Structures are given as C-alpha cells and as structure tokens.
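Down below is the structure, laid out as structure tokens.
Both counts, for ligands and for their atoms, begin at 1 and track the order of listing. Note that the coordinates shown come from a computational prediction; the quantities given were computed from them, not determined experimentally.
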Amino acid sequence: MPPQRDRVPAPRVPSIIVHGGAGADPVEGRDELRAGVRVAVLEGWRVLAGGGSALGAVERAVRALEDHPRFNAGRGSVLTSAGTVETDASIMEGDRLQCGAVAAVSRIANPVTLARRVMEASRHILLVGEGALAFARAQGLPECDPEALVTERQRVRHRELVAATKGTVGAVALDRHGTIAAATSTGGLAGKLPGRVGDSALIGCGTYAESSTGGVSCTGDGEAIIRVVLARRALDYLQQADDADYAARVAVDLLVEEGRGHGGLILLDWRGRTGWAHSTPLMPVALMSAAFTEPRVPF
Ligand code: GLY
C-alpha cells in the first residue's frame, strides 16, 4: 500500500535528530562526542531552517559526522582485518520510498553523498566495491587517498586488536513539507573481513523512512540488526503505538532478544516527535527543532 500522506496537512514543524553510534562510554572523551553531534545537528538544522529538504538535511548532518575523526564513518572509520577502510552508507526519502546505498567502498570521504547519487542518478539502489567507485568517478565525486581516511587512533586500535568498536553515525529529519528522510554511514565492524557488508548499507535494516509514519537510523551489531530487519520493525512498532520513545525501546529489546546483539537507534515520527534507545552504555544523540532555541544534546 502506498504511504498515506493526508493525515495532517503541511506545514509541519521541522525537526532533526542525529546519533554518533552506540558503544562503550569513553567517559573522558564525552565532550568531544557531544561537540561532534552538536555541530552535525546544527549543520542539518541550517538546511531545514532555510526551507531545505529533509533529504538535504540528513545528508549534511551525516557528512559532518563522516568528516569528524572521532566517529566510525568516513575519516575515522575502523579498519578491516587487512588494515584497510571499507565504508557502508544508505539514505532514504520517505514520500516515494526512494533510496540509495553503497557498501564496501574505499577512497570516498563522504559515502552518504555517493549513496544519494545512487538514489538520484542511477536506476539501482545498492552499489558495492569497485562498481560503486566507478559510479562515483562517473558522477565526478572526489576520490581520496585511502590513507586519508585512516586515523592514528584507528591504526593503534587495529594493532591492539580492539575487536568490537562501534560508532556508526546517522540522522533523521522532517521538513516543513512533511517529508521524512533518514541516512546512516559507517566504517562497519573493527577487524571485519574485507567485503563484509553490514546493516548500514541495507534499506530496512540500518535505515528506513516513510513520511506517513517516521524515519529510523540504527547503530550497533550489524549482523544482529540485519537478522531482525530493525529499522523497518521499529517503524511497525511506531505505527502500532504512535509513541516514538516506546517504539525505540521495544525495537532495541527485539535487537537484544531476537537479534542476539547490541546497539541502538534514533527515530522521528511524522509529527516531529523523537525517540531513541540503546542497549550499550552510551549513544551520543543531538536534536534540534523549530520548537527549540538551542540544540539538545541529552547524554
Ligand atoms: N552497524 C554497523 C555495522 O555493523 O556495520
């Protein structure tokens, strides 16, 4: 059934929520994470406040997090078992269920922008590896030296075999026309096999948006998230309960109990109400809306 768009007339109150990944609490590094998600939510907010689209807002917010070396996406991504960076990203616009994604991509500093190009300039949804890179070249997107994405922090963690780093990033936004968009980007799982693809590249698992219901971006154990198709399931809970916080909590319970993994998610409903939940010690979150004077960074 196509999404129902006539429940409430536009205009809506624009809102955006971002996350910096579910994982361990670094305690001393909290301020840096707080500042990072705050900047990202403001970047996305500027797009919405200027009358721009939810799609533009989530792309802008996720790009800011990909550029920040402290998050596991773009520059700062964790390394594969071969010591390389391979990123996954996806983006979705919830009016017409348009979506695009890339997986196992190296040499691209902002995979979320490549995912958007796949959505808007190809007839496909998911491109991987060398094919995604060839498409990026054809689109004139800048390519970078793969070493430019590797930070000293991740090199050290790789040497020390830190296995379960999380820190995927994501954003969900509602614009004044009532359109919801969501995006997710990640370096994946530390020490993963080259070629491994996680939930962040898979529509319905790491990312989903349906303007009549809401949008979701997930973070955490990719295999567990895929097992329960977490993003779509979270929207099903939202549809049933009409309560964003409750839907987020029930979805994370599903991730833990049936997915047999840990992580979290952010959620924004069709009225601009936000919800988030995580089973890990920490998940940096920031939100901004026309109803606030300042971004909220509630962690
Ligand atoms: N959730 C990110 C990943 O597992 O790849």
Ligand 1 atoms in contact with T168 (distance to a heavy atom under 4.0 Å): 1 (N), 2 (C)
One thing to verify: whether K192 and E223 come together as a salt bridge, which I'm taking to mean a side-chain N less than 4.0 angstrom from a carboxylate O. no
Could you tell me if T219 and H19 have a donor-acceptor pair between their side chains, going purely by distance under 3.5 Å? no
Counting only nitrogen or oxygen atoms and a 3.5 angstrom limit, does G222 reach ligand 1? yes
Ignoring hydrogens, just give me the one of T219, D199, L189 whose non-hydrogen atom is nearest atom 3 (C) of ligand 1. D199
Tell me whether R63 contacts the main-chain N or O of V112 through its side chain, where contact means a donor paired with an acceptor under 3.5 Å. no
Nearest-0.5 Å distance that lies between atom CH2 in W276 and atom CD1 in I266: 10.0 Å
Are any of the heavy atoms in E223 under 4.0 Å away from ligand 1? no
Only heavy atoms of S200, strictly under 4.0 Å: list the atoms of ligand 1 that pass. 1 (N), 2 (C)
Proximity to ligand 1 by part of R196, non-hydrogen separation under 4.0 Å: side chain
With a cut-off of 4.0 Å, which atoms of ligand 1 are near a heavy atom of G220? 1 (N), 2 (C), 3 (C), 4 (O)
Identified side-chain contact (heavy atoms from CB on, under 4.5 Å) counterpart of W270 within the set D242, T213, L238: D242
Side chains of Q154 and S77 only: does a donor on one sit below 3.5 Å from an acceptor on the other? no
